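The structure under discussion appears below in the form of structure tokens.
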Amino acid sequence: MRRLGQVVFLGLTAFLLRGEGPAPLRGYSAEAARIQREWEAKFRAIPSPENLRAYVQRLSARPHHVGSPYDKDNAQWILSKFQEWGLEARIETFEVLFPTPKERLVELVEPVRFVARLQEPAVAGDPTSNQQSEQLPTYNAFSADGDVTALLVYVNYGMPEDYEQLERLGISVKGAIVIARYGASWRGIKPKVAAEQGAVGCLIYSDPRDDGYFQGDVFPQGPYRPRDGVQRGSLLDMPLYPGDPLTPGVGATPGAKRLSLQEAKTIARIPVLPLSYGDAQPLLAALKGPVAPVNWRGALPITYHVGPGPAKVHLKVKSNWDLKTAYDVIARIPGATYPDEWIVRGNHHDAWVNGADDPSTGVSALMEEARGFSELLKQGWRPKRTLIYCAWDAEEPALLGSTEWAEAHAGELRRHAVAYINTDSNGRGFLMLQGSHTLEKFINGVARDIEDPETKMTVWKRSQLARIAAAPQDRQEVRQRPDLRIGALGCGSDYSAFVDHLGIASLNLGFGGEDGSGIYHSIYDDFYWYTHFADTDFRYGRALAQTVGTAVMRLANAELLPFDFTSFADTLRRYVGELQKLVNDKRAEVQERNRQIEEGVFKATGDPKKTFVPPAVEPVPPHLNFAPLENAVDALARSAERYEQAAARASFQSVESVNQKLIQSERRLTDPAGLPGRPWFKHQIYAPGIYTGYSAKTIPGVREAIEQKQWQEAETQIVRVSKILADETALVESAAAELEKAPR
Ligand SMILES: [Zn+2]
């Protein structure tokens, strides 16, 4: 264990000596950087693959969804490890709504009878796959209760554009049960759109094309989804607000004021169940009507038809709507110099079933970081700022544990939180970077100091080369730009309350991309699967602990906090360009379609023997005035440059009040009124999309107004975001001015 660590330490030192010596550390004087680098190297020698393997095995030994005995047991075990390592730690509990299934039924009643199994079988040789009494049955949490019988319609991924296709075919889903395949969006969008279209029920199945035999061998021969594997998952309308549906905006403490079930707007409006492809195939095979469009066809050995019917389905769902207790484990290492400046780090510990990959690999890395810091503390290291380490419960139902904690501590977090760093599942391959662009330069710097376990190049270099290979159109930029661009955050994991609701600069990190997987949210995401098909020797688990631990230490002890606004302004300029292109493309598309309607193209090409409904003439999108936004981005870019120069010359003495401004810089990007129609989401630059879910929409107020063809609203939002950016610019200007005056 120790010997392995030593090798890494020497390897990296040799790497640093080969070049012109270590690169300067952002926010550190030369002497402080030298000391910091020594401690970081000591830290990176500590995380051990053997420990990670043992933690993952222990955490995933039994099913541990929120409300289960082993979920609580795991929380207490994580607490005991933190305490064993000498850290101040405790459990904070919240009472959250988490429905569990009471009745589930899917049966084909016409033209033939078939009853879906709705059960994942144990696999011989996989020792935890038979723990049926503790496994949550296959279901989608927050489905409406209901008992419906109706004709079936296949709707592809169930996205808004799929319904436009159905309209061309003259097919309505009003009064029908739809069957959608998983993929293309977050699952909760599918029943949301189906209900908006008038459907009375929704089935979501895993097509083998997306994560089954079309991709590779299925479990237990390979990593992909077997015939009866089912993706569980939550349907809660997170783009409206994540967290406990009964307590939006406040912590779900025992005395909190709660909405009634009827008042909670994030619960699905129709009954929904997930299916394996074993269960879905007889249903899809019983459909007639038009053959599905080419890109709607999956990999089942059938001809895909759309319906409606003659397949008629009976769907019944009933849940137990109890409150369950969520156990958040919170450890704290007090800062020696600035105890009121907090670096918050989190990963969830609850799972849908055994959850070896999701989330045990991530929370195990978090634990190794905490153990590493406890070792450093014994050797005399002190973080200047306070570290808060959080193992969240109830992430899977819709980020309940982290959201309730963030809402309960909102006041102090707004004052004290410097940044939040999240991880979740971890795998083998490339470092994935997402987050606030004010931290883009910072996290690139960290990635340059981490060794890739397999290639021995830095994880930064490996990611850069992978991007050159993957995206020919970006090659030039990837080669020339000093930093790798990081992705924007949506709401796929526990960072959402921090960045979207509170305006705390956040990062989401993880390795992956090398191995395939089709066990997501099934009973087969377990220790046996992970140790056969993923990061089997836990070396990427160690790399994750090294990456995040280094980032935490570097933020904790920086003299000047390492925020940068040039990358942020550069990214904003791209976003504004995307918005302009979006309007222009829409205009060109509508103009062309209107012209074709006039020319009679649809009349000429639609087969008169088949139903085809030509599209209607649409008003042409107007030109929008993006000037306020372009001017605001230009002004921010100028201030960012001024700040950058001031920071480069700063002596780092008496920069406390500059740091205070930097801490508030992400807060400035929020508006207390929130986004249009969803006040919980305060951030004006990043949000999950209303119709995409997990994935981000940037400058969401403007972008979604354009997508929904609300042109007046788009103009209003352009002005609003411009004002937010002007406020940010004023803050960056004053930070720059203060640094220019500081002693050299
Ligand atoms: Zn997860």
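Count residues from 1 along the sequence. The shown structure was predicted, so the numbers you read here are calculated from the model rather than taken from an experiment.
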Would you confirm whether [X], through its side chain, and [Y], through its main-chain N or O, come within 3.5 Å as a donor-acceptor pair?
X	Y	result
R668	I724	no
H521	E396	no
E404	D244	yes
D145	S319	yes
H64	R62	yes
S522	Y524	yes
K190	L203	no
R385	I343	no
E120	V230	yes
N426	F511	yes

Contacts of type ring-ring contact (aromatic ring centres under 6.0 Å, His included), residue [X], not counting sequence neighbours:
X	value
Y241	none
Y205	none
H501	W680
H314	none

To the nearest 0.5 Å, how far apart are [atom1] in [X] and [atom2] in [Y]?
X	Y	atom1	atom2	value
I523	N354	CD1	CG	8.0 Å
L675	L240	CG	CG	11.0 Å
S360	F527	OG	CZ	10.5 Å
L544	L52	CG	CG	9.0 Å
W321	K102	CH2	NZ	11.0 Å
E196	R269	CD	CZ	6.5 Å

Do the side-chain N and O atoms of [X] and [Y] include a donor-acceptor pair separated by under 3.5 angstrom?
X	Y	result
T128	Q131	no
Y55	E368	yes
D525	W352	no
T138	R104	yes

Do the charged groups of R345 and E369 touch, with an N to O distance under 4.0 Å? yes
For the pair D73 and R58, find out whether any cationic side-chain nitrogen is under 4.0 Å from an anionic carboxylate oxygen. yes
After noting the C-alpha distance and the side-chain angles of F43 and F373, does the key distance pass the ring pair (Phe, Tyr, Trp, His ring centres under 6.0 Å) rule? CA-CA 7 Å; F43 167 80; F373 295 150; 5.1 Å; yes
Nearest heavy-atom neighbours spanning [X] and [Y]:
X	Y	value
P688	P239	CG-CA, 4.2 Å
A199	V178	CB-CG1, 3.8 Å
I443	A551	CD1-CB, 4.1 Å
V200	P271	O-CD, 3.3 Å
L246	L323	CD1-CD2, 4.1 Å
P101	L136	CD-CD2, 4.3 Å

So is K192 actually on top of Y691's ring, under 6.0 Å and inside 45° of the axis? yes
Just checking Q132: does its CD atom have more than 12 heavy atoms from other residues, nucleotides or ligands closer to it than 6.0 angstrom? no
Determine whether more than 12 heavy atoms belonging to other residues, nucleotides or ligands lie under 6.0 Å from atom NZ of K72. no
Reference residue H348; test side chain to side chain contact (heavy atoms under 4.5 Å, CB included); the match among D358, D393, N422: D358
side-chain hydrogen bond (donor to acceptor under 3.5 Å, both in side chains) involving T361 - partner list, sequence neighbours excluded: none
Would you please test M367 and W85 for side chain to side chain contact (heavy atoms under 4.5 Å, CB included) and show each step? CA-CA 10 Å; M367 290 174 67; W85 299 328; 4.0 Å; yes
Who pairs with [X] by salt bridge (Lys or Arg N to Asp or Glu O under 4.0 Å), at least two apart in sequence or on another chain?
X	answer
R332	none
K682	none
E95	none
K257	none

So P248 and L259, do their side chains get closer than 4.5 Å, heavy atoms only? yes
Given side chains that start at C-beta, do those of L413 and V344 come closer than 4.5 Å, heavy atoms only? yes
Please state whether the rings of H65 and F98 are parallel, tilted or perpendicular, taking 30° and 60° as the class boundaries. tilted
Relative to the ring of Y420, is the ring of W392 parallel (under 30°), tilted (30 to 60°) or perpendicular (over 60°)? tilted
List the steps and the verdict of side chain to side chain contact (heavy atoms under 4.5 Å, CB included) for V148 and I270. CA-CA 10 Å; V148 290; I270 54 177; over 6 Å; no
Side chain to side chain contact (heavy atoms under 4.5 Å, CB included) between S60 and D526, intermediate numbers included: CA-CA 6 Å; S60 66; D526 60 14; 5.7 Å; no
Pairwise salt bridge (charged side-chain N to carboxylate O under 4.0 Å, His left out) hits with a residue in [range], at least two apart:
range	answer
residues 410-425	none
residues 545-554	E40-R554, D449-R554
residues 75-85	K81-E84

Could you walk me through whether R117 and S276 satisfy the side chain to side chain contact (heavy atoms under 4.5 Å, CB included) test, starting with their C-alpha distance in whole Å, then the side-chain angles of each, then the deciding distance to 0.1 Å, before giving a yes or no? CA-CA 9 Å; R117 274 173 294 259; S276 67; 5.6 Å; no
